[in-house]
*Asks:* 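The structure's right below; bear with me while I get my questions together.
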Amino acid sequence: MTIAELRKKYHKRICEEVIRISKDKTEYPNFADGSNKSSVEIAWGIVKRLKCHNNNVKLRGQTTGDRFEVITRDFLSDSFVRLLHLRPGKWSYSVRSIISAFYQYEHLAYLATVLSKDKALSSALGGDYIIKPDIVIGRWPVSDEEINKKGSIIKKKDTAANLSPLREKNHFGSISEILHASISCKWTIRSDRAQNTRTEALNLIRNRKGHLPHVSAVTAEPLPTRLAALALGTGDLDCLYHFALPELKSSIEEIGNQDQLDMLLMMIEGRRLRDISDLPFDLAL
């Protein structure tokens, strides 16, 4: 199955499990802002292009955001496995795993324990060190046997490469995964949600001990001016990914909203906004 076919499968699941559509056209898709005419028009355009027909999505105790996270995680897992020849390794894909479970952030568990016992220190340093990203991708360390699979590269008694976390032998006690990517999923974007995403990203950047994981966000927000809250600027997020970028662009062109189109093109041409189908390839970097 190609990435394009997986993308189509991804959209089919979102249509069936996440997007709510009323038969009454006075209503609007549940990723639009009902108080904003452009948001509603663009959302309807995306729904039309994705050929969503389900009118009565039942989430069965899960929120829209929860389902969006799971379906996006499944898409990334199905896609990335097809790129293993470009990025070999043993990978894991999970939702809401705490970052202290990964090698670069193990020390945060100890820090949280110390802060919980010292209120003065806690008030001085603040909290919220141990976050739970919406989607995390981890890589397991490799054994010496795997390292030497194509020839003698390292021996047990060597004094070289005894600290790198990629080598399984260098993990003391339990073996920890290496955090490869942290992906925030936002069904829609409001100012508070944008700020939370950036705060999580800065947490990952500042508190790591080791390699910085990919830090990205995925959204279904239809308004480019709101996408800009996450897409513009550099230093925290690698890039913002839209769940249906070509469909978004076509929808905006159809309604003739030049301001929104100009903003969209600026983010795309500025390498700050990409389609969900680009993300698996970017994770292989």
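Keep in mind it's a predicted model, so treat the numbers as computed, not measured.
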*Asks:* Taking C-beta and beyond as the side chain, do Ile46 and Arg49 meet within less than 4.5 Å on heavy atoms?
*Replies:* no

*Asks:* Output, in order, the C-alpha distance, side-chain angles, deciding distance and verdict of side chain to side chain contact (heavy atoms under 4.5 Å, CB included) for Glu27 and Arg20.
*Replies:* CA-CA 10 Å; Glu27 298 292 333; Arg20 291 194 302 272; over 6 Å; no

*Asks:* Please work out which of the three classes, parallel, tilted or perpendicular, describes the rings of Phe68 and Tyr10, given edges at 30° and 60°.
*Replies:* tilted

*Asks:* Between Asp74 and Arg13, is the closest basic N to carboxylate O distance under 4.0 Å?
*Replies:* yes

*Asks:* Answer yes when Glu247 and Lys48 have at least one side-chain N-carboxylate O distance shorter than 4.0 Å, and no when they do not.
*Replies:* no

*Asks:* Looking at Lys249 and Glu253, is any side-chain nitrogen of the basic one under 4.0 Å from a carboxylate oxygen of the acidic one?
*Replies:* yes

*Asks:* How about Tyr103 and His171: are their ring centres within less than 6.0 Å of each other?
*Replies:* yes

*Asks:* Under 4.0 Å between a side-chain nitrogen and a carboxylate oxygen: does that hold for Lys155 and Asp144?
*Replies:* no

*Asks:* Does the pair Lys12/Glu16 count as a salt bridge with the N-to-O cut at 4.0 Å?
*Replies:* yes

*Asks:* Looking at Glu106 and Lys209, does any basic side-chain N land under 4.0 Å from a carboxylate oxygen?
*Replies:* no

*Asks:* Compare all side-chain heavy atoms of Pro141 with those of Ile175 and state whether any distance is below 4.5 angstrom.
*Replies:* yes

*Asks:* Would a 4.5 Å heavy-atom cut-off, applied to side chains only, mark Phe31 and Ile19 as touching?
*Replies:* yes

*Asks:* What I'd like to find out is whether the side chain of Val218 reaches to under 4.5 Å of the side chain of His242, using heavy atoms alone.
*Replies:* no

*Asks:* Which residue in the set Asp282, Asp278, Asp275, Thr219 passes side chain to side chain donor-acceptor pair (under 3.5 Å) when paired with Tyr241?
*Replies:* Asp282

*Asks:* Side chains of Val142 and Glu168: closer than 4.5 Å at any heavy-atom pair?
*Replies:* no

